[in-house]
Every structure is written in C-alpha cells, then in structure tokens.
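Position 1 is the first residue of the sequence, and the numbers go up from there. Source: prediction; values computed, not measured.
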Amino acid sequence: QNLAENLQRNGGFIPGIRPGRATQEYLNRVIMRITWGGAIFLGTVAVQLALLPINVVSGVAKMLLRAVTYALAAWVLGEPGTLTRSKIGAIREIGVTRLSLGVESFDDAILEANGRAHLTLEINRVVPWIQAAGFAEFNVDLMAGMVGETWEKWRHTLERTIAIDPDSVTIYQMEVPHNTLLSADLKASGNSVVAGWDLKREWNQWAFEELARCGFDWLTLDLEHSA
C-alpha cells in the first residue's frame with residue numbers, strides 16, 4: 001500500500017492502471033509472479049547443478065557472480081531524507097560504485113510544495129558522507145519545472161549543485177498527471193504555478209550549457225536529457 005501511495009504522491013502512475021487500490025493490486029500481482037518465477041528458476045538450477053560436473057558448476061557460479069557484481073556496480077538511487085552514514089557505508093561495502101542522490105531542488109519551499117521527504121538540511125548532511133565513502137561516481141538528480149519553480153530558484157539550485165562538485169548531473173522535467181494527488185491538491189488550492197514545457201526545456205538547455213561551461217561532458221548530459 002505504501003508503494004502505491006508514494007507512487008501517486010510523487011506524480012508517478014502505471015499506464016492503463018487506476019491510481020490507489022487498483023495500482024496496489026497490480027503491483028502485488030507482479031511481485032507475486034516474480035517471486036514464484038524466481039523460486040521455480042532457482043529450484044530448477046539447484047537440482048540441475050547437482051547433476052553436473054564440478055567444472056561446469058564452478059563456471060556457472062562465476063558467471064552468476066559476475067552478473068550480480070555488474071548489477072551492483074551500476075548504480076543505487078539515494079533519497080537524502082532516508083540515507084544515513086552507516087547505510088551509505090553499507091551500500092559501498094557490498095560493491096556499489098555509483099550513487100545517484102535525488103536532490104531535485106535546493107529550495108525548501110519547492111521541496112515542501114511538491115511533497116518531497118527531504119529538505120536542503122538533509123542534502124547538506126549526506127553529501128560529505130557520500131563523497132567520503134569513495135564511490136567511483138557520485139551523481140545528482142535535479143528536477144526542472146517543479147511546482148513553484150522560477151528562474152531565480154532554478155539558477156540557485158544549479159549553483160548549489162555545481163558547488164558540491166558531483167561527477168555527473170541528471171536533469172528530469174516535472175510532469176503532473178491529472179490522476180495524481182498533487183494534481184488534485186493544486187486544483188483544490190487554485191495553485192497553477194507549474195511551468196510549461198517550453199519554459200522547462202529552456203531551463204534544461206541553460207543548465208546543460210552552464211554545466212558544460214564548468215567542465216561537465218556535454219554528450220553525457222545530452223544523452224541523459226534525451227532519456
């Protein structure tokens with residue numbers, strides 16, 4: 001239930017599935033199928049391995065270990081409000097090499113208006129822990145066009161992002177689907193302070209140019225923007 005509520009609260013949805021109970025039931029079915037499928041697969045592998053020569057078993061084990069290590073090395077997304085020093089250390093110890101921090105904005109009013117679970121205090125607290133942990137890549141996620149965003153606040157967010165010197169920056173554009181709690185709250189309050197797509201693209205373009213000017217690789221930024 002918490003997963004479905006968090007998804008709806010943060011503007012997410014599953015195409016073709018109504019928010020709320022229908023989303024939770026759908027997620028439960030998916031999780032159940034994955035669990036049963038995984039259990040059957042692992043059981044089959046365990047039985048088959050017992051019948052194979054030791055050199056084949058060793059080769060399969062090494063292949064699975066490489067696959068798991070690669071998956072862990074890819075990246076982990078961290079939410080500033082839930083990360084602790086010990087949790088960051090544990091993530092690094094299991095082999096994760098890239099941590100992406102969901103900053104989104106460096107403006108407390110924007111974070112509160114968009115129902116985020118963290119403020120700049122939490123961001124400032126966890127950044128030194130992440131940098132000291134020794135990840136091969138530290139990425140910062142930003143969100144352009146959140147409720148209440150202005151040119152002045154967007155510039156401030158980018159300046160603060162550059163100041164903490166991450167290895168990479170990913171920028172997303174805010175979308176508020178009509179079937180979300182945030183959309184309902186905005187309609188009820190009469191608040192329409194949501195940037196249009198043209199303005200959000202303008203903010204993105206300016207941010208990419210500023211980041212490139214500060215030494216970030218333009219191709220990487222452009223690919224992340226296109227995704």
Side-chain angles (χ1 to χ4, degrees), residues 2-15 19-20 23 75-83 99-127 130 138-166 168-212 214 216 220-227:
N2 289 339
L3 181 58
E5 290 177 355
N6 289 336
L7 188 68
Q8 187 176 17
R9 187 178 298 111
N10 288 284
F13 67 98
I14 300 174
T23 295
W75 61 277
V76 165
L77 176 62
E79 205 283 324
T82 60
L83 286 175
L99 190 142
S100 186
L101 187 65
V103 170
E104 300 189 352
S105 174
F106 272 101
D107 186 278
D108 284 344
I110 288 179
L111 293 172
E112 290 180 335
N114 289 268
R116 291 329 192 233
H118 67 275
L119 297 175
T120 54
L121 177 66
E122 284 82 14
I123 299 172
N124 294 333
R125 183 176 66 237
V126 302
V127 166
I130 294 171
F138 168 36
N139 176 76
V140 167
D141 288 338
L142 299 180
M143 183 80 72
M146 298 177 75
V147 176
E149 190 77 82
T150 64
W151 262 111
E152 181 181 2
K153 293 181 178 182
W154 182 240
R155 289 191 183 98
H156 173 70
T157 287
L158 195 68
E159 289 171 359
R160 291 287 301 275
T161 299
I162 294 172
I164 63 177
D165 194 28
S168 61
V169 178
T170 304
I171 301 177
Y172 301 93
Q173 294 183 105
M174 179 73 169
E175 180 179 4
V176 185
H178 296 294
N179 62 340
T180 61
L181 291 176
L182 179 57
S183 177
D185 290 343
L186 290 174
K187 291 177 181 178
S189 65
N191 188 349
S192 60
V193 189
V194 180
W197 287 107
D198 288 342
L199 181 54
K200 285 185 284 191
R201 293 188 186 100
E202 188 177 349
W203 284 339
N204 274 11
Q205 183 66 27
W206 173 82
F208 292 156
E209 292 173 356
E210 282 296 299
L211 289 166
C214 292
F216 287 82
T220 300
L221 292 166
D222 188 51
L223 288 173
E224 288 171 345
H225 168 57
S226 299

### Donor-acceptor contact below 3.5 Å, side chain E122 vs main chain L119
yes

### Sequence-distant partners of L199, side-chain contact (heavy atoms from CB on, under 4.5 Å), two or more places apart
W151, A195, E202, W203

### Task
Hey, could you give me the CE/CG distance between M146 and N114, rounded to the nearest 0.5 Å?
3.5 Å

## Note on the structure
Residues passing the side chain to side chain donor-acceptor pair (under 3.5 Å) test with D107, sequence neighbours excluded, are none

### Message
I want to check something: taking the side chain as every heavy atom from C-beta on, are V126 and L101 in contact at a cut-off of under 4.5 Å?
### Response
yes

### Task
Please round to the nearest 0.5 Å and tell me the distance separating atom CE of M143 and atom OG1 of T170.
11.0 Å

#### Entry: Any donor-acceptor N/O pair, R155 side chain to K153 backbone, under 3.5 Å
no

### Query
Sequence neighbours excluded, which residues qualify as side chain to side chain donor-acceptor pair (under 3.5 Å) partners of D165?
none

### Message
Nearest 0.5 Å, please: how far is CD1 in I164 from CZ in F106?
### Response
4.5 Å

### Task
Supply the atom-to-atom distance R116 CZ to S105 OG, rounded to the nearest 0.5 angstrom.
10.0 Å

### Message
For a quick test of reading the model, state the closest non-hydrogen atom pair linking G145 to M174 and the distance between them.
### Response
O-CB, 3.3 Å

### Summary
Contacts of L142 meeting side-chain contact (heavy atoms from CB on, under 4.5 Å) (sequence neighbours excluded), chain-then-number -> V103, V140, W154, T157, L158, T161, V169, I171

### Query
Which atom pair, heavy atoms only, marks the closest approach of G102 to P80?
O-CD, 3.5 Å

### Task
Output the distance between atom CG (L99) and atom CZ (F138), rounded to the nearest 0.5 Å.
7.5 Å

### Message
List the residues meeting side chain to side chain donor-acceptor pair (under 3.5 Å) with E112, not counting sequence neighbours, and say none if there are none.
### Response
none

### Query
Sequence neighbours excluded, which residues qualify as side chain to side chain donor-acceptor pair (under 3.5 Å) partners of T150?
none

### Task
List the steps, then state whether side-chain contact (heavy atoms from CB on, under 4.5 Å) holds for Q173 with R201.
CA-CA 8 Å; Q173 294 183 105; R201 293 188 186 100; 3.5 Å; yes

### Message
I'd like to know if the side chain of D108 and the backbone of T120 have a donor-acceptor N/O pair within less than 3.5 Å.
### Response
yes

### Separation between CD of E159 and SG of C214, rounded to the nearest 0.5 Å
9.5 Å

### Message
Can you tell me which residue among L111, T82, L83 is in a side chain to side chain contact (heavy atoms under 4.5 Å, CB included) with H118?
### Response
L111

